[in-house]
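In what follows, a single structure is set out as structure tokens and then discussed.
Only heavy atoms go into these numbers, but all of them, side chains included; no hydrogens, no water, no symmetry mates.
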Amino acid sequence: MSAPLPSLRDQLDAHGLTAKKSFGQHFLLDLNVTRKIVRLAGPFEGRSVIEVGPGPGGLTRALLESDADRVVLVEKDPRFVPLLQELDDGAGRLVIVQADALKVEERTLVEGPAHLVSNLPYNVGTPLLIKWLTGPWQPCALTLMFQKEVAERVVAGVGDDAYGRLAVIAQATCEARIVMHLPAAAFTPPPKVASAVVHLVPHAARPDDALLKRLERVTAAAFGQRRKMLRSSLKTLGGAALCEAAGIEPDARAEVVDVAGFLRLAAALGG
Ligand code: SAM
């Protein structure tokens, strides 16, 4: 049996590591919290898990205790690699990739379906989510920590202040809900804002790539000028005629159109 691991704090000290703001580093050092996140994310039933931004590995430790077959880490900051290697018990379940998650092609990391479980760096959380929701590689579920305001934008419904492009794209592709809230004080160092974990399960039938591209164009135009009527904000895409083809009132504003309505607008947009 291998020796017990030192505490996360001791491991950070032993490696002389401190958080870097430029990498969005706010660490979860309480294993009770990271185990809870992993419980909410799983069970993984022998599938792989990709974790982006493991940092000192609090979430990684909990993932390695789970029923995941493999845990693949993608960490941009090379300083953390030697520390993360210490979590490897030699059973071949841990893979460490030092790379920028925005540039990584996930299909090269895992074979077959995989979950994503991450405490994301705030500065790239939204572009990473868009990549996973609309890109060529599709996870079988995503359990992601965001700043609370971003989490609310992912799960917002029509009529909510936070309803916008992110909600439409997330909910057109997935069932999304907030499963956990965490105060800033739960992190070391504490960020300026609270956080929340969102769990997303892709719909059995995801809109095809062409429809998703059109959905991105329609939502960008509609919410880019959210105070305007759709006949005007969607003018370059077909304006009132596009709305009528989709069964949407041209004098309505983007904030009152539900996800199904945006999917009809995207479908009506054509090639
Ligand atoms: N998972 C750790 C935890 O919960 O304690 C650290 C979370 S911290 C909020 C974000 C982590 O993402 C940091 O380790 C940071 O170095 C890493 N990171 C930042 N940008 C990244 C990127 N583009 N690709 C991969 N990792 C990144």
Side-chain angles (χ1 to χ4, degrees), residues 1-5 8 11 27-76 80-81 83-121 125 128-129 131-146 151 154 170 173-180 182 196-206:
M1 212 173 102
S2 47
L5 287 164
L8 288 161
Q11 227 189 349
F27 305 133
L28 284 172
L29 301 183
D30 183 343
L31 292 177
N32 292 318
V33 172
T34 62
R35 285 183 182 127
K36 184 168 177 202
I37 295 170
V38 168
R39 273 200 306 277
L40 291 166
F44 307 117
E45 293 164 340
R47 287 188 285 262
S48 297
V49 175
I50 299 178
E51 184 196 352
V52 164
L59 205 49
T60 315
R61 290 189 187 204
L63 286 168
L64 287 169
E65 291 169 2
S66 79
D67 60 345
D69 179 46
R70 281 177 147 226
V71 179
V72 181
L73 309 177
V74 181
E75 173 57 62
K76 188 173 175 186
F80 284 91
V81 173
L83 180 155
L84 292 165
Q85 281 164 344
E86 292 174 7
L87 304 183
D88 192 350
D89 65 0
R93 288 173 72 220
L94 185 66
V95 179
I96 304 168
V97 180
Q98 194 262 306
D100 181 343
L102 284 168
K103 297 183 185 153
V104 148
E105 283 186 45
E106 291 81 3
R107 64 181 171 74
T108 64
L109 303 178
V110 283
E111 280 171 24
H115 290 242
L116 267 162
V117 182
S118 300
N119 171 16
L120 292 174
L128 280 171
L129 178 62
K131 178 190 180 203
W132 294 325
L133 295 178
T134 65
W137 178 79
Q138 293 167 34
C140 56
L142 308 89
T143 310
L144 307 170
M145 174 96 68
F146 294 101
V154 174
T173 51
C174 296
E175 189 76 49
R177 65 200 166 94
I178 292 180
V179 291
M180 185 179 181
L182 272 178
V197 177
V198 183
H199 185 68
L200 301 111
V201 179
H203 298 313
R206 184 177 99 159

Problem set entry | For Glu111, salt bridge (charged side-chain N to carboxylate O under 4.0 Å, His left out) partners two or more places apart |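 For Glu111 there are no salt bridge (charged side-chain N to carboxylate O under 4.0 Å, His left out) partners, ignoring immediate neighbours.
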Problem set entry | Criterion side chain to side chain contact (heavy atoms under 4.5 Å, CB included) on Gln11 and Leu87, from CA distance to verdict | CA-CA 11 Å; Gln11 227 189 349; Leu87 304 183; 4.2 Å; yes
Exercise. Can any side-chain N or O of Thr34 pair as donor or acceptor with the backbone N or O of Ala62 at less than 3.5 Å?
Worked result: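 Judged by distance alone, no pair lies under 3.5 Å.
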Just verifying a value: how many Å separate [X] [atom1] and [Y] [atom2], rounded to the nearest 0.5 Å?
| X | Y | atom1 | atom2 | value |
| --- | --- | --- | --- | --- |
| Leu128 | Leu133 | CG | CG | 10.5 Å |
| Leu94 | Asp88 | CG | CG | 5.0 Å |
| Ile178 | Met180 | CD1 | CE | 12.5 Å |
| Leu200 | Thr143 | CG | OG1 | 8.0 Å |
| Leu142 | Leu120 | CG | CG | 9.5 Å |
| Asn119 | Leu28 | CG | CG | 5.0 Å |

Problem set entry | Evaluation steps, side chain to side chain contact (heavy atoms under 4.5 Å, CB included), between Leu144 and Val52 | CA-CA 10 Å; Leu144 307 170; Val52 164; over 6 Å; no
Exercise. Sequence neighbours excluded, which residues qualify as ring pair (Phe, Tyr, Trp, His ring centres under 6.0 Å) partners of Phe80?
Worked result: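 Phe80: ring pair (Phe, Tyr, Trp, His ring centres under 6.0 Å) contacts with Phe27.
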Exercise. If you look only at pairs with a residue in residues 90-110, which of them pass as a ring pair (Phe, Tyr, Trp, His ring centres under 6.0 Å), with sequence neighbours excluded?
Worked result: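 Residue pairs with at least one partner in residues 90-110: there are none.
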For this session: Could you pull out the closest heavy-atom pair between Val198 and Ala176, with the gap in Å?
Result: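 Scanning both residues completely, I find the closest heavy atoms to be CG1-CB, 4.5 Å.
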Exercise. Which heavy-atom pair separates Ala151 from Phe146 by the least distance, and what is that distance?
Worked result: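 Here Ala151 and Phe146 meet closest at N-CB, 4.0 Å.
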For this session: Only pairs at least two apart or in different chains count here, so list each side chain to side chain donor-acceptor pair (under 3.5 Å) that has a residue in residues 63-76.
Result: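 Found Arg35-Glu65.
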Exercise. For Lys131, does the NZ atom have more than 12 heavy-atom neighbours from other residues, nucleotides or ligands under 6.0 Å away?
Worked result: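 Result for NZ/Lys131: enclosed.
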For this session: Using side-chain contact (heavy atoms from CB on, under 4.5 Å) as the criterion, list what pairs up with Arg177, not counting sequence neighbours.
Result: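 Per chain and number, Arg177 pairs via side-chain contact (heavy atoms from CB on, under 4.5 Å) with Val179, His199.
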For this session: Apply side-chain contact (heavy atoms from CB on, under 4.5 Å) to Val81 and list each qualifying residue two or more places apart in sequence or on a separate chain.
Result: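 With neighbours one apart ignored, the set is Gln85, Ile96, Gln98.
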Exercise. Can you find a pair of side-chain heavy atoms, one from Val95 and one from Leu109, that are under 4.5 Å apart?
Worked result: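 Of all side-chain heavy-atom pairs linking Leu109 with Val95, none is under 4.5 Å.
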Problem set entry | Derivation and outcome, side chain to side chain contact (heavy atoms under 4.5 Å, CB included), residues Leu40 and Val197 | CA-CA 9 Å; Leu40 291 166; Val197 177; 5.5 Å; no
Problem set entry | By side chain to side chain donor-acceptor pair (under 3.5 Å) - contacts of Arg39 (at least two apart) |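 Arg39: no side chain to side chain donor-acceptor pair (under 3.5 Å) contacts found.
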Exercise. Given the rule in the side chain to side chain contact (heavy atoms under 4.5 Å, CB included) test, do Trp132 and Ile50 qualify, once you have shown the distances and angles that lead to the verdict?
Worked result: CA-CA 12 Å; Trp132 294 325; Ile50 299 178; over 6 Å; no
For this session: Name all pairs fulfilling the salt bridge (charged side-chain N to carboxylate O under 4.0 Å, His left out) condition that reach into residues 42-64, sequence neighbours left out, sorted by first residue then second.
Result: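 Found Glu45-Arg47.
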